[in-house]
Amino acid sequence: MATALQQLMQQHLLLKMEYNTEKQAYQQQTEALGIRRKVKRGDAWANVRVGKSFYNSLNQICVEIFRTEDQDIEHNFEYGRPVAFFRTVPKEDAKDKVEVKFLNVTGTVSFVDGDRMVVALPKDDYARELSMIGQAPSLRGKSGVDNTGVCARAGGEAALYISLSFDETSYRLMFDALERVMHARGNRLAYLRDLFYSHQPAEHFKFQPMQFPWLNKTQEKAVNEVLWTKDVMVVHGPPGTGKTTTLVEAINETLRRESQVLVCAQSNMAVDWISEQLVDRGIPVLRVGNPTRVNDKMLSFTYERRFEGHPEYPQLWSLRKAIREMRAKRKRGSESYHQQLDRLKSRATELEVRINAEIFQEARVIACTLTGAANRVLEGMKFTTLFIDEAAQALEAACWIPIRKVSRVIFAGDHQQLPPTVKSIAALKAGLGKTLMERIVENKPEVVTLLQVQYRMNDQIMQFSSREFYNGMLQTAPEIKYRGILDYDIPISWYNTDDLPDDIESKEEFVGESFGRINKAEAELTLQHLELYYGRIGKQRILDERIDVGIISPYRAQVQLLRRMIKKREFFKPYRHLISVNTVDGFQGQERDVIILSLVRSNDEGQIGFLRDLRRMNVAITRARMKLIILGSVGTLTKHPFYKRLYEYIGKLNLENG
């Protein structure tokens with residue numbers, strides 16, 4: 001077995017490969033032909049409007065950006081992500097062609113809610129430059145689209161775009177974390193590193209187990225295991241088994257023994273979810289970073305809101321304003337200018353330190369993303385316990401960022417659901433997708449506790465997933481075992497798109513406009529089946545009981561096609577607020593009464609692409625509480641043994657239920 005140092009060096013090398021792949025892909029996508037692709041994929045906004053600029057509580061100059069087009073496309077902008085601004089201008093030597101002109105303006109997303117974004121800029125001049133462009137008369141002209149699909153403006157000038165930029169910062173933090181772990185000697189970090197990469201037993205405390213009558217036996221065992229852990233422990237939570245409930249209980253009990261804990265997750269959405277549950281439990285949370293679900297409840301426990309709400313903040317704001325005004329005047333020759341400026345800066349720093357200290361003293365839980373643990377406001381802080389939620393979705397290097405601050409680590413997640421996103425095929429095959437949680441599950445099965453009772457799905461929906469991914473160890477809570485919407489309804493159906501009439505061909509196609517795979521006949525059939533199912537339930541009951549539906553497709557282009565079709569169809573107008581359409585990744589951690597799954601792939605060769613990633617399918621089929629409807633080509637999909645077993649399982653259910 002390779003040593004810890006050798007394996008970490010391997011991780012460093014693979015991360016470098018991923019870095020190079022992603023950087024190269026970003027550079028290619030900034031070419032003119034790649035712009036529309038970025039917009040369609042939610043990585044860019046076209047024809048943005050620039051709003052007001054202001055200083056935030058961290059004394060950064062910020063500017064508001066508004067999306068004015070393609071508002072039905074789900075975007076990928078979120079707190080902390082770097083952005084760049086560019087325009088497209090006509091090429092001098094080619095008619096009807098454009099080229100990308102990047103502005104010398106970069107920034108970081110500070111806040112995003114729907115079609116409004118706030119971007120923090122490193123220089124005051126950037127805000128002025130953007131404001132001038134945003135107010136330029138030529139940008140208020142009539143828009144057109146050139147032959148590349150790029151939005152152009154009357155008068156020869158193009159619209160202003162904002163795009164996700166290549167995230168150098170996250171990679172820098174991950175590389176730095178790996179290097180620090182590799183060079184650690186004679187401290188707690190070195191001990192955890194050597195422990196995680198070996199079969200050496202993890203240490204535990206010994207005391208009587210506590211009783212939690214409101215939890216089931218496996219949840220109770222997991223909480224006690226957390227309390228007994230000295231080094232590392234894994235809470236393995238399959239779909240619907242109450243992982244968050246267990247984690248909240250474990251955090252609450254840990255806080256009876258420790259003054260403060262650090263809670264992290266890979267995504268802002270996952271951090272929001274656990275934070276909200278902790279707040280509901282009455283635990284004071286300080287959320288470092290911008291929440292994804294923007295509402296007063298979420299905002300009230302963010303660092304920025306607490307900072308701005310501190311009684312001494314107005315005084316600090318006045319000092320900062322005085323400093324900015326003095327710098328603008330710049331009487332450099334004057335000695336009194338420098339002395340006065342130094343005094344103001346010293347008072348501002350002292351006040352900021354005092355406000356920070358009070359904010360952090362009041363919090364029992366510090367919550368942030370894994371890379372957010374490197375935020376300057378957490379610099380120098382140490383914790384006894386770190387909880388990493390959704391740990392099976394995080395690259396190993398990212399996990400080491402917060403681990404450097406703690407003495408023990410509790411991982412929670414499910415390595416049979418969505419893996420980390422890795423774009424380099426070579427790095428993925430060489431093991432970059434293997435998470436730290438998976439490594440510990442392999443090396444130390446004794447520290448893993450499986451939650452075994454699920455509270456989400458009808459038992460017949462759950463059974464297939466349990467058998468395929470969890471060695472048949474899951475059980476369904478008695479109260480939801482037979483849950484359903486209609487009497488005598490079979491919980492899972494598979495409609496074979498090969499059985500369509502001869503004049504309708506259900507074949508996948510690759511479309512340039514949406515840059516992905518779609519299956520138009522299957523999309524139409526998906527909505528027809530939803531209409532039929534709605535008809536069986538009845539309109540009034542759907543609205544009264546708020547029966548919600550999730551339509552899932554692994555392909556983003558099919559998702560966008562289905563969204564457009566639902567928007568146009570009058571039948572769905574009363575139900576639109578109860579229908580969500582998204583990719584598998586977009587539904588991670590969610591559930592619906594009814595799930596309809598459009599698998600898209602239909603070809604003579606039996607090619608199914610990334611549908612071979614069975615963990616994604618585990619996520620898709622386990623989102624349904626009462627009814628799962630699958631649409632797909634049996635001829636194409638059942639060439640893969642997993643889909644063959646799924647089809648046969650559903651066929652058996654149909655026979656048993658008559």
Classify the side-chain pair [X]/[Y] by whether it contains a donor and acceptor separated by less than 3.5 Å.
X	Y	value
S602	N519	no
S598	E522	yes
Q558	R556	no
Y455	N216	yes
R601	Y555	yes
S163	K38	yes
D167	S170	yes
Y19	E168	yes
T622	R456	no
N268	R81	no
N20	Q24	no
Q393	Q588	yes
N582	E74	yes

For a 4.5 angstrom cut-off between non-hydrogen side-chain atoms, does [X] reach [Y]?
X	Y	answer
I650	N654	yes
E508	I518	no
V248	D280	no
F572	M565	no
K644	K639	no
T583	I552	no
E468	R645	yes
D272	E276	no

Hey, can you tell me if [X] and [Y] have their rings parallel, tilted or perpendicular (30° and 60° cut-offs)?
X	Y	answer
Y647	W494	perpendicular
F166	Y171	parallel
Y643	H640	perpendicular

Only one of L395, L436, L432 passes side chain to side chain contact (heavy atoms under 4.5 Å, CB included) with Q11; say which it is.
-> L432
Measuring from atom [atom1] of [X] to atom [atom2] of [Y], what distance do you get when rounded to the nearest 0.5 angstrom?
X	Y	atom1	atom2	result
T497	I630	OG1	CD1	12.0 Å
I492	I621	CD1	CD1	7.0 Å
L474	M457	CG	CE	7.5 Å
L178	L8	CG	CG	6.5 Å
M117	F77	CE	CZ	4.5 Å
E22	S424	CD	OG	10.5 Å

Considering all heavy atoms, the nearest [X]-[Y] contact:
X	Y	value
I401	A177	CG1-CB, 3.7 Å
C264	A373	SG-CB, 4.5 Å
L500	A521	CD1-CB, 4.1 Å
L15	M174	CD2-CB, 3.7 Å

Have a look at K627 and tell me which of D548, D489, D593 forms a salt bridge (Lys or Arg N to Asp or Glu O under 4.0 Å) with it.
->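 Filter result, single survivor: D489.
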Going through the distances and angles, do I388 and I410 end up as a side-chain contact (heavy atoms from CB on, under 4.5 Å)?
-> CA-CA 6 Å; I388 301 181; I410 312 301; over 6 Å; no
Return yes if some donor-acceptor pair links the side-chain N/O of [X] with the main-chain N/O of [Y] below 3.5 Å, else return no.
X	Y	result
D389	A265	no
R576	K567	yes
Q71	R67	yes
N458	Q460	yes
R623	V619	yes

Criterion side-chain contact (heavy atoms from CB on, under 4.5 Å) on T169 and L173, from CA distance to verdict = CA-CA 6 Å; T169 305; L173 292 172; 4.2 Å; yes
Please set out all donor-acceptor pairs under 3.5 angstrom arising from side-chain atoms of residues 232-242, sequence neighbours excluded.
| residue | atom | partner | partner atom | Å |
| --- | --- | --- | --- | --- |
| H236 | NE2 | D414 | OD1 | 2.7 |
| T241 | OG1 | P238 | O | 2.6 |

E225 and K221 ion-paired at < 4.0 Å | yes
Ionic contact status for K40 with D70, cut-off 4.0 Å | no
Should S465 and N618 be marked as a side chain to side chain donor-acceptor pair (under 3.5 Å) after you check the CA-CA gap, both sets of side-chain angles, and the distance that decides it?
-> CA-CA 6 Å; S465 173; N618 186 34; 2.7 Å; yes
So which of Q590, R592, R563 actually passes side-chain hydrogen bond (donor to acceptor under 3.5 Å, both in side chains) with S580?
-> R592
Any residue meeting salt bridge (Lys or Arg N to Asp or Glu O under 4.0 Å) with K16, in chain and number order, not counting sequence neighbours =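 By the salt bridge (Lys or Arg N to Asp or Glu O under 4.0 Å) rule, K16 matches no residue at all.
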Who are the salt bridge (Lys or Arg N to Asp or Glu O under 4.0 Å) partners of R616, not counting sequence neighbours?
->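 Residues passing salt bridge (Lys or Arg N to Asp or Glu O under 4.0 Å) with R616: D585, D613.
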Under the side chain to side chain donor-acceptor pair (under 3.5 Å) rule, what do Q454 and T476 come out as? Steps first, then yes or no, please.
-> CA-CA 5 Å; Q454 70 89 17; T476 302; 3.1 Å; yes
Centroid separation F464 to F469 less than 6.0 Å =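 Aromatic pair excluded; centres sit 6.0 Å or further apart.
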Between F196 and W400, does a ring pair (Phe, Tyr, Trp, His ring centres under 6.0 Å) hold up when you go through it step by step?
-> CA-CA 11 Å; F196 292 175; W400 285 113; 5.7 Å; yes
Counting only heavy atoms not in K507, do more than 12 fall under 6.0 Å of its NZ?
-> yes
Kindly check if the number of other-residue, nucleotide or ligand heavy atoms within 6.0 Å of CZ (F571) is above 12?
->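 Correct, the count exceeds 12.
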